[in-house]
Amino acid sequence: METEKWIDKGWDVIVNFGPKVLAAIAIWIIGGVIVKYLLKGFNKAMEKKGLEISLKKFLSDLVGWGLKIVLILVVLGTVGVETTSFAAILAAAGLAIGLALQGSLANFAGGILIMIFKPFKIGDFIEAQGQSGTVKEIEIFTTKLLTPNNQEVIMPNGALSNDNIVNYSTESTRRVNLTFGVGYDSDIKKTKEVILGVINSHPAVLKDPAPAVNVSELADSSINFFTRAWVKQEDYWDVHFYLIERTKEAFDEAGIDIPYPHQVEIHKEG
């Protein structure tokens, strides 16, 4: 008798919930296929827009999780679970997490802005937040730079997106700016000819715009010559170091006096 009672209850459960469970399973399978195709179309649309790889991956994951959450809510509703309270719990949890991670959210927003407006890209040499280096990775929360001495710098995107950024790789050419000081007994015309000769001796120095050497200052112990030479981005450091070394040698050969101690001044573009 007791067994028949349990069988009847089990049958009632099957009759009442069986169709709902089957419907939920069908919705889950069909919904999964639909989500897959929607994500595929979304990824193709992002590729056509030419978005950064990091941004595409993040947006794809975000949309994917959003669609899966909607699918789960639909399946739970089909089975008979009250989804309004479940959605309220998710909203409350999201608010609590947002308040706890305000700094991270600022970095997240900064990462989105960087990826959308593209003030720099991977491989660019930039200067920001008191640091300079080649952009190694652009992630959602941080950007990684590789400094000239091979150190990795991790910068929060929130601060980076709100700071002044100098991108040295935007243009195809770059100017090498140096200042050389010589003694007051030195001949100005001869000194300019020597420096220009050194500049023009390097094959990577561009003829247009033409190199320039001008007296920039009559300092306390030296006459300073401001030197400008245009080069392609990839030749910048080679020409930079060449001009410093070869100009010193050319001064020695020409008998041009260099005040001691003397330090070559290096200027940024401007």
Side-chain angles (χ1 to χ4, degrees), residues 1-118 120-123 135-144 152 154-158 160-161:
M1 190 69 179
E2 188 70 24
T3 302
E4 291 179 358
K5 183 179 178 181
W6 281 106
I7 291 174
D8 291 339
K9 286 185 176 181
W11 182 250
D12 289 339
V13 170
I14 292 173
V15 170
N16 292 327
F17 292 99
K20 293 182 179 179
V21 172
L22 291 176
I25 293 173
I27 290 173
W28 177 258
I29 294 173
I30 296 172
V33 174
I34 293 173
V35 167
K36 181 179 178 181
Y37 278 101
L38 288 175
L39 277 177
K40 188 175 181 181
F42 182 69
N43 288 330
K44 285 184 177 179
M46 288 193 294
E47 287 179 4
K48 289 181 179 179
K49 291 289 185 180
L51 299 181
E52 292 285 343
I53 295 176
S54 301
L55 180 58
K56 286 193 292 186
K57 183 178 183 305
F58 172 77
L59 292 178
S60 179
D61 291 343
L62 186 64
V63 171
W65 277 108
L67 291 173
K68 287 175 183 177
I69 290 173
V70 171
L71 180 59
I72 290 171
L73 290 175
V74 172
V75 169
L76 291 176
T78 303
V79 175
V81 176
E82 184 63 42
T83 57
T84 53
S85 58
F86 185 70
I89 292 172
L90 283 177
L95 178 61
I97 292 172
L99 291 174
L101 300 175
Q102 290 184 41
S104 297
L105 288 176
N107 290 331
F108 162 76
I112 295 295
L113 291 174
I114 289 172
M115 291 178 182
I116 291 176
F117 294 106
K118 300 179 181 179
F120 53 81
K121 63 182 183 298
I122 293 174
V135 180
K136 180 181 178 183
E137 290 182 45
I138 305 173
E139 299 177 339
I140 290 299
F141 295 101
T142 61
T143 293
K144 295 180 180 178
E152 184 180 81
I154 301 175
M155 309 175 71
N157 285 337
L160 184 58
S161 64

Decide side-chain contact (heavy atoms from CB on, under 4.5 Å) for Phe120 and Leu160; before the verdict, give the C-alpha distance in whole Å, the side-chain angles of both, and the deciding distance to 0.1 Å. CA-CA 11 Å; Phe120 53 81; Leu160 184 58; 3.6 Å; yes
Walk me through it: do Trp28 and Val74 pass the test side-chain contact (heavy atoms from CB on, under 4.5 Å)? CA-CA 9 Å; Trp28 177 258; Val74 172; over 6 Å; no
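Residues that satisfy the salt bridge (Lys or Arg N to Asp or Glu O under 4.0 Å) test with Lys36, not counting sequence neighbours, are absent from this structure.
Annotation: side chain of Leu38 is not in contact with side chain of Lys40 (no heavy-atom distance under 4.5 Å). Counting heavy atoms from C-beta outward, Leu67 and Leu71 have side chains that stay 4.5 Å or more apart.
Pairing each heavy atom of Gly110 with each of Ser161, the nearest pair is CA-OG, 3.5 Å.
Expressed to the nearest 0.5 Å, how far CD1 of Ile112 lies from CG of Asn107 amounts to 12.0 Å. In this structure, CD on Glu137 lies 4.5 Å from NZ on Lys144, to the nearest 0.5 angstrom. The CD1 atom of Ile114 sits 9.5 Å away from the OG1 atom of Thr142 when rounded to the nearest 0.5 Å. A distance of 10.0 Å separates CZ in Phe108 from CG in Leu113, rounded to the nearest 0.5 Å.
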Using residues 41-48 as the side-chain source, report each donor-acceptor pair under 3.5 Å to any protein atom, sequence neighbours left out, with the distance given to one decimal.
residue	atom	partner	partner atom	Å
Asn43	OD1	Ser60	OG	3.1
Asn43	ND2	Leu39	O	3.2

